[in-house]
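Atom set for the values below is all heavy atoms of this structure, side chains included, hydrogens, waters and symmetry mates excluded. By convention here, the first residue in the shown sequence is residue 1.
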Amino acid sequence: MASLKAWLLCALLAAADLAAAEKALAAGKPSEALRLLGALPEAEDAPVRALLLAGRAHLALDDPSSAVEPLLRAAELQPDDADTARLAAQACYRSGLEAQRRRAREARLWLHDALRYAERSNDALLLASVQESLGRPEEALKSYRKAADQERDPLAVWEGQGRCLRMLGRDEYKQAFGKALDVALQRRDVGAAWRTAFAADEAARLLRWLDEEVKKSPDAVWARRWRGFAREKRLLYAGAVEDLRWTVGKTPHDRPARQALVGVLLASYRSTQQEALLDEAEQHARALLEGDVPDALVISRVHWTAWTHLQAGRPARAVALLRLLHRTAPRNLDVGLSLAAQLRRGGDLDEAGEVYRVLLDSYPDDPDVLNDLAILEDGRGRRSAARKLWKRALEEDPEHLSALENLFTDSWERGDSVQAHRWVARGLAAAELQSKSVNRWKWFRDRLLWAPRAFGTEDGSVE
């Protein structure tokens, strides 16, 4: 009798906790809901109500992998409940997409579970999304069309059809994306309009819409911003500069807009050769390096700005910008190699050597770093050390054309014509394999016929 009373008391307490947890989740407090649930969802005989609540709370916290186990248990306890199956499928699908982004092996396992429960959910749009993620465009296309019959979200339906038709190589994919663009413009969803307009090859229509929005609201930052992006993508650089310059002036912390502005300023400089545009690009490139750690796109834009200075005959400006970029992103290989090469060419050998040491800490076996450091050592008169580094570079990349050329030149300058012929044969084979510098290596081969060794060397002078 006592054990029955204890069981009833636990049941009543569980019901009270469940009600409080449901109230917390409804109030937008999923963490509080999980706290109130405690270990109840983990119990072997946990009620479906608790399992569903735990799963929904984890989904609300954007933690789908933790939602999977309680929702799958709930779905198995209620095999005919479409809503529960849909929640289980959503948890598995989102977990699978996350795993795909990480390139994790379990991605397809999650997605196959998602497929199984999506088929029980009677949700054609969810089923189509899962099928598409599994690389089944034919099946997904049918499900997207069924979702249209179920009057599901038309934007998602038309976009999904467009993607599947494109994967299948069918020309009507543009028409589907055009239908999605209709919906996006009707909703004034600029992000969706951007996606679908370019997929439908209707960028001009997007630009006309943005022009109208700017005319209606000249101070609408979003309209000028997106029109700048659209103009950039359509190579309308002058207009893009105008829009993005205005946008950055209004919203200085808009990093994507500033990144795009650097790009269009550099593109405009290339076509006009107006140095003021290049100066302005550098100003914004430097601003991008302030604050947050730069991402790959920022590094690329700043690097591009430095190279444009070089092409414009401004090596000092290029080196100054590369120094700043290297201090900000010392582990970036391309930036370090560019800076060290310019320092080396400018005679700043000690600073170049320091940059190479920083790179070697992160990339001790990188053939480009080894090759370029060897060139620096050779410039310091340390040919033996350089030769060892070039050979190390070839150990890492046996077809490294620069290292092969440097070793060929070394042998030719030392009068070792036998080894020079070997390097030429190897270099020519590598060049032909890569379809690069083939004529250069043929010239080296021909030069050995009339100058088997560098002038001033003597037979037998091999080091």
Side-chain angles (χ1 to χ4, degrees), residues 25 30-31 33-34 37 41-42 46 48 50-148 150 152-169 173 176-177 180 189 191-192 195-196 199 295-296:
L25 184 59
S31 296
L34 289 172
L37 282 171
E42 300 169 17
V48 169
L51 295 172
L52 286 172
L53 187 55
R56 288 166 51 215
H58 283 299
L59 287 176
L61 290 168
D62 199 22
D63 183 12
S65 60
S66 296
V68 167
E69 195 267 343
L71 289 176
L72 291 187
R73 288 174 61 195
E76 290 308 306
L77 289 171
Q78 299 185 142
D80 297 324
D81 190 284
D83 290 338
T84 303
R86 184 177 65 255
L87 282 172
Q90 287 173 344
C92 293
Y93 176 55
R94 287 170 58 181
S95 299
L97 293 183
E98 285 185 4
Q100 274 188 339
R101 284 191 287 271
R102 300 193 312 270
R103 298 185 179 181
R105 293 181 179 178
E106 64 267 23
R108 291 191 71 81
L109 296 176
W110 290 119
L111 292 173
H112 278 290
D113 279 341
L115 181 66
R116 183 157 52 96
Y117 288 97
E119 288 171 342
R120 286 165 46 177
S121 72
N122 195 33
D123 186 335
L125 184 56
L126 176 59
L127 178 59
S129 300
V130 176
Q131 290 166 331
E132 184 184 349
S133 68
L134 283 167
R136 302 178 181 182
E138 284 278 12
E139 296 174 25
L141 182 59
K142 292 177 183 177
S143 296
Y144 278 122
R145 287 172 173 164
K146 184 177 179 181
Q150 293 179 349
R152 300 304 304 273
D153 178 8
L155 178 60
V157 167
W158 284 115
E159 271 199 275
Q161 289 188 51
R163 289 191 302 269
C164 291
L165 289 165
R166 185 168 55 191
M167 281 191 283
L168 292 167
Y173 80 88
F177 280 121
D189 184 339
R195 290 193 310 269
T196 55
D295 59 21

Minimum heavy-atom separation for [X] to [Y], with atom names?
X: Q131; Y: E139; result: OE1-O, 3.2 Å
X: R166; Y: Y173; result: N-CB, 3.5 Å
X: P64; Y: A91; result: CB-O, 3.7 Å
X: A140; Y: C164; result: CB-SG, 3.6 Å
X: T196; Y: A180; result: CG2-CB, 3.6 Å
X: A50; Y: P41; result: O-CG, 4.2 Å

Open item on the list: Tell me whether the count of non-hydrogen atoms from other residues, nucleotides or ligands lying under 6.0 Å of CZ in R103 goes above 12.
Closed with: no
So, does [X] use its side chain to make a donor-acceptor pair with the main chain of [Y] at under 3.5 Å?
X: R86; Y: L126; value: no
X: Q100; Y: S133; value: yes
X: R120; Y: A89; value: no
X: S95; Y: S65; value: yes

Mind checking the [atom1]-[atom2] spacing from [X] to [Y]? Nearest 0.5 Å is all I need.
X: R163; Y: Q161; atom1: CZ; atom2: CD; result: 10.5 Å
X: Y93; Y: S129; atom1: OH; atom2: OG; result: 4.5 Å
X: L97; Y: L111; atom1: CG; atom2: CG; result: 6.0 Å
X: E98; Y: E106; atom1: CD; atom2: CD; result: 10.5 Å
X: L52; Y: D81; atom1: CG; atom2: CG; result: 7.5 Å
X: Y117; Y: L72; atom1: OH; atom2: CG; result: 4.5 Å

Open item on the list: For L125, run the side chain to side chain contact (heavy atoms under 4.5 Å, CB included) check against R152, Q150, K146 and tell me which one passes.
Closed with: R152
Any non-hydrogen side-chain atom of [X] less than 4.5 Å from a side-chain atom of [Y]?
X: V130; Y: L134; result: yes
X: L71; Y: L51; result: no
X: L61; Y: S31; result: yes
X: D113; Y: V68; result: no

TODO: Go through L115 and R136 one step at a time and tell me if the side chain to side chain contact (heavy atoms under 4.5 Å, CB included) criterion holds.
DONE: CA-CA 11 Å; L115 181 66; R136 302 178 181 182; 3.2 Å; yes
- [ ] Give a yes or no on whether a salt bridge exists between R73 and E69, defined as a side-chain N under 4.0 angstrom from a carboxylate O.
- [x] yes
